[in-house]
Each structure stands twice: as C-alpha cells, then as structure tokens.
Engineer: 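Take this structure, written in structure tokens, and hold onto it; I'll ask about it next.
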Amino acid sequence: MLKEIGGIFVFLLVIVIFGNIWFHFIESILQKIKKIIHRHEKPPVWHPLPKEDTQQDEKDA
C-alpha cells in the first residue's frame with residue numbers, strides 16, 4: 001500500500017517537472033520568435049504618465 005502511494009507520488013512529481021520544463025521551453029521559443037518579428041519596433045510604454053496641464057497649474061498659483 002505504501003509502495004503504491006509512493007509510486008503515484010513519484011509519477012505525479014515527474015509529470016509536474018516535465019510540464020514545468022516544457023512550459024519554459026515553449027516560452028523561450030515564443031520569446032525568440034517575438035524578438036525576430038518585432039526587432040525594429042519601439043517597446044510599448046508599460047504605464048504612460050498623464051500629460052501635465054501647465055496652463056491649469058499657472059492659474060492655480
């Protein structure tokens with residue numbers, strides 16, 4: 001009984017490790033493809049700051 005539980009645990013552990021390696025492998029391939037496709041483009045701004053209204057600031061002062 002204990003041997004069967006240990007075997008199932010090892011089997012599930014192998015599946016999780018393989019899935020993790022497979023995920024990182026596919027992600028690295030996709031990242032390389034994206035670099036090739038978007039080589040000459042500027043990277044998008046993650047969070048643009050709002051434009052400051054200088055005229056409004058001068059009126060408040």
Side-chain angles (χ1 to χ4, degrees):
M1 178 74 178
L2 194 58
K3 213 174 197 183
E4 294 171 352
I5 294 174
I8 292 172
F9 177 73
V10 169
F11 177 71
L12 291 175
L13 185 64
V14 168
I15 289 176
V16 168
I17 291 172
F18 175 75
N20 197 5
I21 292 171
W22 181 255
F23 173 78
H24 287 291
F25 175 70
I26 297 299
E27 283 294 316
S28 67
I29 290 174
L30 289 175
Q31 192 69 18
K32 289 177 184 178
I33 291 172
K34 286 179 186 177
K35 281 183 181 178
I36 291 171
I37 291 173
H38 300 293
R39 188 174 9 185
H40 298 294
E41 295 179 7
K42 287 184 176 180
V45 178
W46 179 70
H47 188 282
L49 296 173
K51 294 182 181 180
E52 294 181 8
D53 190 9
T54 55
Q55 293 176 352
Q56 184 69 18
D57 291 339
E58 291 173 0
K59 290 179 183 176
D60 292 339

Engineer: Within this structure, what is the NZ-CD1 distance for the pair Lys34 and Ile29, rounded to the nearest 0.5 Å?
Structural biologist: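 Reported to 0.5 Å precision, the distance equals 13.0 Å.
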Engineer: Once ring pair (Phe, Tyr, Trp, His ring centres under 6.0 Å) is applied, do any residues pair with Trp46, and if so which ones, sequence neighbours excluded?
Structural biologist: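 Scan of Trp46 (ring pair (Phe, Tyr, Trp, His ring centres under 6.0 Å), adjacent residues dropped) gives none.
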Engineer: I'd like to check the side chain to side chain contact (heavy atoms under 4.5 Å, CB included) partners of Leu30; sequence neighbours left out, ordered by chain and number.
Structural biologist: Ile26, Glu27
Engineer: Show me the donor-acceptor pairs within less than 3.5 Å that the side chains of residues 3-21 make with the rest of the protein, sequence neighbours left out.
Structural biologist:
residue : atom : partner : partner atom : Å
Asn20   : OD1  : His24   : NE2          : 3.1

Engineer: What pairs with Leu2 under side chain to side chain contact (heavy atoms under 4.5 Å, CB included), at least two apart in sequence or on another chain?
Structural biologist: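 Once residues adjacent in sequence are excluded, Leu2 has no partner under the side chain to side chain contact (heavy atoms under 4.5 Å, CB included) criterion.
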